[in-house]
Every structure is written in structure tokens, then in C-alpha cells.
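See below for the structure under consideration.
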Amino acid sequence: MARYNAKESESRWQGVWAKCNAFAAPNDSSRPKSYVLEMFPYPSGRIHMGHVRNYTMGDVLARFRRAQGCNVLHPMGWDAFGLPAENAAREQGIDPRVWTAANIKTMRGQLKAMGLAIDWSREFATCDPSYYAHQQKLFVEFHRAGLVYRAEADVNWDPVDGTVLANEQVIEGRGWRSGALVERRKLAQWFFRITDFADELLFALDELPRWPEKVRLMQKNWIGRSEGLRFAFTLSNGESIEVFSTRPDTLFGASFLALSPEHPMAQRLSSSDPALARFVAECRRLGTAEEAIETAEKSGYDTGMTAQHPFDPDWKLPVYVANFVLMGYGTGAIFGCPAHDQRDLEFARKYGLPVLPVVVPEGIAPQDFSIDRESYTGPGRIANSRFLDGMNVEAAKAEVRQRLERSGKGRAATLYRLRDWLVSRQRYWGCPIPMLHCDACGIVPVPENELPVLLPADARFDLPGNPLDHHPTWKHTWCPRCGKAARRDTDTLDTFVDSSWYFARFCNTAAAEPVDSTATHYWLPVNQYIGGIEHAILHLLYARFFTRALRRLGNVEIDEPFSGLFTQGMVCHETYRDANGQWLSPDEVEKSGGIARRRDTGAPVEIGPSEKMSKSKKNVVAPETIIDLYGADTIRWFMLSDTPPERDIEWTEAGAEGCWRFVQRIYRLVTEASGLPNPGTTNLETANWGGGGEAAVELRRASHRAIAWVTEDLEGLRFNRAVARIYELANAIGASPANIDGSVRREALEILVRLVAPMMPHLAESCWQALGHTSLIIDGAWPVADPDLVRSDTVTIAVQVDGKRRGEITIEREADAETVRAAALGADGVMRALAGRVPRKVIVVPQRIVNVVT
RNA sequence: GCGGGCGUGGCGAAAUCGGUAGACGCAACGGACUUAAAAUCCGUAGGGCCGAAAGGCCUGUGCCGGUUCAAGUCCGGCCGCCCGCACCA
């Protein structure tokens, strides 16, 4: 019996596909287009199981769409700028270009070994000057359009990576990459005006039905839109201070004003008030230790000043500097209404300030309502508020707004949590910012005919700091406006800029312009984007912004880059530790009967929980090892089986073996089938139904049901269910009688092979050939189910007595209710359960169930 | 604290328009083939009870309660786990 030789088959078919350029996508076609994209990889060195899962899912979809007759764009590239290359240069003295190119070479080979249906002619790396040149053009265009600006701001400084970071890149007070505690610094930096699009980016989330709810919600929260009122209080020293509030309806419940310790006025006052200066310094100290924020008690410093209530000049409120007021949000100053804000309440209790409820829940008399430890933030009627009394919250908000606007003290305002995107990085291995600093002319963009600004090839990495900055000559140039000496900007762009438009460049990688509008008009938006949830905010928000910016500049016509988004789960594995608590890798461990031992010494090993594969816990399995052992189809099949794609999957050796057995099983079913008519000569009308006739019909039904189910499951990216359906069909074929009609068996086998093809493409080609075909299965159409075979003429339904299953009946699908009722009452188990009792009621749900109620 | 998601066999999971719970896979067990092993094939299987068997009965989807002829699915209240944001005015 011939075993399937995966290694031979896979390299052979990969060669055949490459030779006929099978996956090259023309930029125009009469076929409908489908753009399938997985998040492109960072060339870290080797592909890992996460990549395998990601690219397998995308590949199944790309091949499925291709079989359905689409012109499919499925490209691959490299997110190739970034710190690891620069760190390698520092640690090993390797040129980042060389390091990156070597990694790409290795990883490209590994991806090709997976048999991905990729148009490799479109491949590029973001570190290619031919890519970043266009990015520099876009930067200059953005600058001209006012979408880029330079500003001095309090920024996040990552002391380990030695660079600033955007807000999105600070996770729990730490740098997203280094994990170092982020410090605040005041620096002049470049920003993208993403806040210009805050409303668009927020509201358009509702028009992305094929995005996960979770991601949309995360983006919504990140943008953090709140509507309210900005208005001023007059202080006892004659100055005025502006606050922002979403609850102007509670203005008569105010009992204090509070400024952020970083507020300019607090800073100024502290210069003549040493006690305040000490308080501000203390807040700053605690502020950076992020763990402290969580538990930090509210505290404040009474400035001794008072503020006039906007509606009553005789009502004076104390003015504090308080540790819980943030300078980075709103105006850095608030009015405190303790009864209706928990933070204000805690503050008021500590300093003995009044707590006056002004919103009273419906049905409670104002005098019966008081606040103890919990503030009240629900709806209700306004009380204790003069002209607002009796109104509901919304009406009171509107009334306060109108009065303050009329008196010129305030105006409606919408605030966002979202900040502009800081894109400067004090690093070498990135896209140079094409800007010059001239003492006479100020900031001057590099003229287009001098682009690209190339990275110097002779940078030194043995000095601390930014290599571009301490390069002896690179930054010195001449100002294109006045001709005098000027300095290049020595910062490079955040690498998230590189990945914010690569999907548009894929549409035409040879275009003279950054974005070919004809090609993007044809291909964009991406029909299905697939990647990890870790980019829910970062990359996906930036790419959405970039697309809108490109549209504003006339480069693209769409608002949203990705009409469908799928976030796949991680790949996990059991963890192992020896008696000393040292982590062990799976290949150092031998398992039998649930007990694990060291392979070398036989010493016992403790099996830990399954966690995301990571080098630190050594629970990694290298994809190339598995491909080498079983082939790409086996690893692909594993990634699709059992676990829903959005959940974390656990890699197990036993599961991989099971997949390998199935590969062999399919091959055996195909190669051991006998009595098959030649391809194209089957005749299902005149098939010989004698002998195994009933079985033949059953097999045809199983085959066509499989088509219907697998098609539906692939449409919904429910790969695990599609896999289960394919197992069922294989089981049905295996269980069918040996003498079954050859035409029927051929039909079943061909359907099986075609359904398997997007998932295990090499095996499918080999089987297709073994079935006598000379064409490639990748050129075959997706099978279509015969509806008459999908639905059978009879149905088997359960019969319940008082809600408990007591029997089942098989009956004509279209039988009327009376017939079903009679059959149900006559069923064995039903008669027994009734034991002569007369049913009170019989509920018949056609084609589903019968329930007999006594 | 706020927001979201999830709790189903030994394990991954199906069943979401309320209608036979556990499809399919992994692991396990029994058997066949084999000198033996591998590979393969057949069979068993939520738990419990009755029965020689065929089969039957009870019970079961985190817990408590409700709606319904019927609840894994809907509603109310708990418990547990995971994720995101976190003093955002």
C-alpha cells in the first residue's frame, strides 16, 4: 500500500504552482475581486506557530474565493523596520540591513514551504528605499495639508528603548515593546493630526458589521468621546479658570473647584507657596509610580482662594489643587459635585466639604434622599437647584448650557481621550523624517526631487543615543529655500506608520506615486483582514486614520481600509519545569500516560498549564520541525481543526499525529478506490443502483450535504466546523459498501478532495491526480450542492411525553400535522410512557419535534 | 471601579430562530490482523440504576429561581474565570 509522501508531494506542487504563476493577481479582471490579507510579519528570524495559524486561515479563504471564481489578491510583505534589527547591530555588530535581509530570506522560505497561495511578485519590505521613499512623499503631503505638525509636548519616554512613544504604545504605564516604566519628558516632536478624524473614526465603527464587536468597542473606548460644557469661574484674585463638565446639570451641587497639580496656575502659585510646591512635587513623585495610582487616596491642597458660582456671585467655592485631576484631559480643572461623582465624594468626605444631592431618583422626595458612601449617577429630577428644580437631567443640562452661553461664560464642547499620534522616534532603523531645520527659515520639507532621504549605510551603533544624530555628516545639509546650512531631522517615523498603508501599496507595488488610485479603486477595501487581537487599537486605528487622510488628499476613494476583520486566537502549549523549577522545552520532555520525564535523565517533570508559546517559558514548537516531520498540510489541518479560530488553540503532539493520520486516510480512500469510471465519464442518472442502491443514495446525500455545510462554514470562517463536516464525509465514504456504484464513489471522492483543497492544497493536488485528472485542482471550480440531495424526503424526529424524550419517528418530510400526530402517538416508547392515559394536548412542530402533554 | 466575553464529558468542542445535548477530533478501553511492533480495521464510552440480553428508568450544559408544552439557548439574582480601560470630570 502506497503511503502519501508529503515531502515529495509538497515540493512538487509548490514547484508546479510557481511555474504557472498560479497566484498572480491581475489588476483588472471580469471576475469579482477579493482582497484577502493577513497582517504582514515582522522579520524576527523564523516564523512561529502564530504565523502558521494566521497565514493558514488567510490562505484557506484566498483559495476558497479563488475556487468560487474570484480574482484574488493575496500578497505578502515584511514589516521590516524596528528595534530588534538595531539591537542586533548594537549587540552583534551586524548591519541592520544584513540582519533583516537574512531573516526575510529564511522566513520567506518557511512561508513558501507552507504552500501559501500568495502573489509573490508583489512582495516588498518596508525598509526598502522604494517603499519608504513613498512614505516620505506622503509625510510631506500630509504636512502640506496640515495633517502633520511639530509641537513641544509632555511625551512618553521609554528609557530602555531610548525613544518616545505614542499614547497607544504605553500599556499600563510601560513601553509596549520594552516593558520599561515610561517617563514624562517635554520635547518637540512630530504629530499626526488623528484627532481631526476622531468623530469619523468613532461613528464609522457602527458601519463595520464584519468587525468583531470587541474591537469596535475597544476603539470606541479609546477614542473616548464625551459631550459637555466648557465654562469659566471667576476667582477671588480676579482671574478666571475654565473647567469642563459633562454634568452641568449638577452645578448647584458644586462644593469646590480643583486644579491639576500640573495646571499652569498651580505651577505659578507654587512658586510663592512652598507648601503647595511640596504638594505638587509629591503628586509628581506618586504620579509616575503607576501602581500607586490605583490605591492613591484622594488628596488636595487648599489654595485659600475662592471661586464665584456662575449663577450666584455671592456663593463662594474653595479652590484646591487635587491629585486626582489630570492635566491631560479637558482643561485640567474641574468643579466638584460630591453627591453625583464618586471621586468628588471621596474628596469631599476627606476635607469635610458639603454633599448636596441635586438629582433625585424618580419617586423619592428630595428631603428623603441623601448620599452616604456612594454617589448617585443615575437619572432623576433636579432638586435644590433654583431655576432647574423639577427638570430631568437632559433638560437641566440644556438650560445651564443656554444660560452660560448667553452670558458668554461658557460653550458646548466635545472632548476626546484620543490624542494626536506622536510619530517621532529617536532611532536609526526606521523611515527618516524628510524635514529640515533651518535657522533662518525654520522647518522646511525636503523637496520632492531630493527624496528619498536615505538612511546612511555607515552609522555607528557602539555609542549610546540616536545613531542618526551623532553621525558625523548625515544631518548636515543646505536649506532649499535660503541656501544656508540646515540640519536634517534625525528622528525616524514610528514603525506603525509603515504598516498604516502597506495594504494600499500592495495594490500596485510598482506605481510611481505612493498609491495608485486606479489599482486601489479596484482592490480596496480589503475584503478580509486577519490578525491578532493585540492590534485592536494600535495598528487598526492608525490604518483607519491613514486611509481617511489619504482620502482627504485624493489618493483613495474609500473611508475604511478593511471591510471585514477577523482576530484569531493565540497558539498555546503545555509548560514543563524540572525539580529545580527550570523551564523545559517540549522536545526535552517525554510523555507517557500523563506522566512527563526528562528525555535525557528520566527525571520527573512537572506539567504546567497551557500558555501562549513563548521563549521565556520554552513551550515553543518550531513549525519547520513539524513541516519536516509531517508536511505543511498536516500543520495547516491542525490549525483549522477543533478549536474555533478566534479562541486560543493548544498545540499537542497527539493532535498533530491525528492530523497526519487523516492525511493518510484521505490518500488511502482515494488510491484504494476501485472500479471508478474515468474522469468525466461518470453518469449519475444511469448509475447502477442495483444491489447497494440505498447506500448509493445515502452517499450522494452525505456528499452534497458536506458541500452545503463546508461552503457555509468557510463563508463564516468557522474552519473547525468545516473540518468536522469533512471528517463526516470521509467516514461516510469509508463506511460505504465496496460494491457501490463507481460513478457515485467517484463523485463522493472528488467532492471530498475539492472540499479539502483550500485547507490541504498539496494533498488535494496529489489526490486529484490519483483520481486520473490531468488538470490542477486549483483551477477547478468550487462544487455546488444539489438541493434535492441536501434535503431528504424523510425526517426522523423525536417524540416527547411531558417534555421527556420517549421515542422517535421517521416520517415523510412534508407530512401534515395530523399524520405526524398519529405516527407519534403510535410510537412504541410513547404508548408505553402514556400507559393508557389520554393526552391533554399534542404539540406538533413539523420537521422538528412532537411533544405529548398529559 | 467601569466596560466586554466566557462557564457543556478525561480534553478540544458541536448543538444559538427555544425543539433528540455531547456531532467531529484527541486521549482511553476492548477486540481483529501480526511471531512481534508499527500501520490499519471493528467496537465501547456523560454519570447512576435495573436487565442474561434486547432494552428501559433516573439524572445531567457553573449555582439558585422564573417564563414555556419544551430551556445549554430567553428573563432575574448569584458564583467563578478571562480580556480591555482605568481617578477621562
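Any value given below was found using the heavy atoms of this structure, including those in side chains, with hydrogens, waters and symmetry copies removed. Residue numbers begin at 1 in each chain, while the letters A, B, ... track the order of the sequences. Predicted model, so just to flag it, every value in this text is computed and none were measured.
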**Study point:** Whole-angstrom distance between B/rA45 and B/rU35, as gauged at atom C1'
**Key:** 33 Å
Check your understanding: Any idea which of B/rU20, B/rG4, B/rC69 is nearest the A/Ile843 side chain?
Key -> B/rC69
Point to revise | Closest to side chain of A/Asn851, choosing from B/rA70, B/rA89, B/rA13 | key: B/rA70
Review point. Contact class for A/Lys220 (heavy atom, under 4.0 Å): base, sugar-phosphate, or nothing?
Key: nothing
Point to revise | Side-chain N,O (A/Ser641) to OP1/OP2 (B/rG12) below 4.0 Å | key: no
Exercise for review: Would you check, one step at a time, whether the test side chain to side chain donor-acceptor pair (under 3.5 Å) holds for A/Asp341 with A/Ser375?
Suggested key: CA-CA 6 Å; A/Asp341 183 289; A/Ser375 64; over 6 Å; no
Practice item. Please measure how far the C1' atom in B/rU44 lies from the corresponding atom in B/rG9, and state the result in whole Å. Key: 15 Å
Exercise for review: Taking atom C1' in both B/rA21 and B/rG46, compute the distance separating them and give it to the nearest angstrom.
Suggested key: 10 Å
Check your understanding: Which label fits B/rG25, syn or anti, where anti is any glycosidic angle not within 90° of 0?
Key -> anti
Check your understanding: Between A/Tyr320 and A/Phe347, does the ring centroid distance fall short of 6.0 Å?
Key -> yes
Exercise for review: For A/Val325, answer base if it contacts any base atom (sugar-phosphate contacts may also be present), sugar-phosphate if it contacts only those atoms, and nothing otherwise; contact means non-hydrogen atoms under 4.0 Å.
Suggested key: base
Review point. Nearest to the side chain of A/Arg668 - B/rA89, B/rC85, B/rU40?
Key: B/rU40
Revision key, fill the gap. Out of B/rG84, B/rG19, B/rA89, minimum distance to the side chain of A/Ser226 belongs to B/rA89
Check your understanding: When the C1' atoms of B/rG43 and B/rG18 are considered, how many whole Å apart are they?
Key -> 36 Å
Revision key, fill the gap. Winner on side-chain proximity to A/Arg417, out of B/rA86, B/rA89, B/rA27, is B/rA86
Practice item. For nucleotides B/rG7 and B/rG60, find the distance between their C1' atoms and express it as a whole number of Å. Key: 16 Å
Provide a list of protein-nucleic acid N or O atom pairs under 3.5 angstrom, restricted to nucleotides 53-56 of chain B.
none

Check your understanding: P atom, B/rG62 versus B/rU8: distance in rounded Å?
Key -> 6 Å
Practice item. Would you indicate which nucleotide in B/rC85, B/rU20, B/rA89 comes nearest to any side-chain atom of A/Arg805? Key: B/rU20
Review point. In whole Å, what separates the C1' atom of B/rU61 from that of B/rU16?
Key: 13 Å
Study note, to complete from the structure: Side-chain atoms of A/Ala724 come closest, of B/rU20, B/rA89, B/rC24, to B/rC24
Exercise for review: Among the candidates B/rC69, B/rA89, B/rC26, find the nucleotide nearest to the side-chain atoms of A/Ile334.
Suggested key: B/rA89
Point to revise | Ring centres under 6.0 angstrom apart (A/Tyr351, A/Phe256) | key: no
Review point. What nucleotide among B/rC24, B/rU20, B/rC58 has an atom nearest to a side-chain atom of A/Glu728?
Key: B/rC24
Exercise for review: Remember a base hit wins even if backbone is also touched, and classify A/Gln800 as base, sugar-phosphate or nothing at under 4.0 Å, heavy atoms.
Suggested key: base
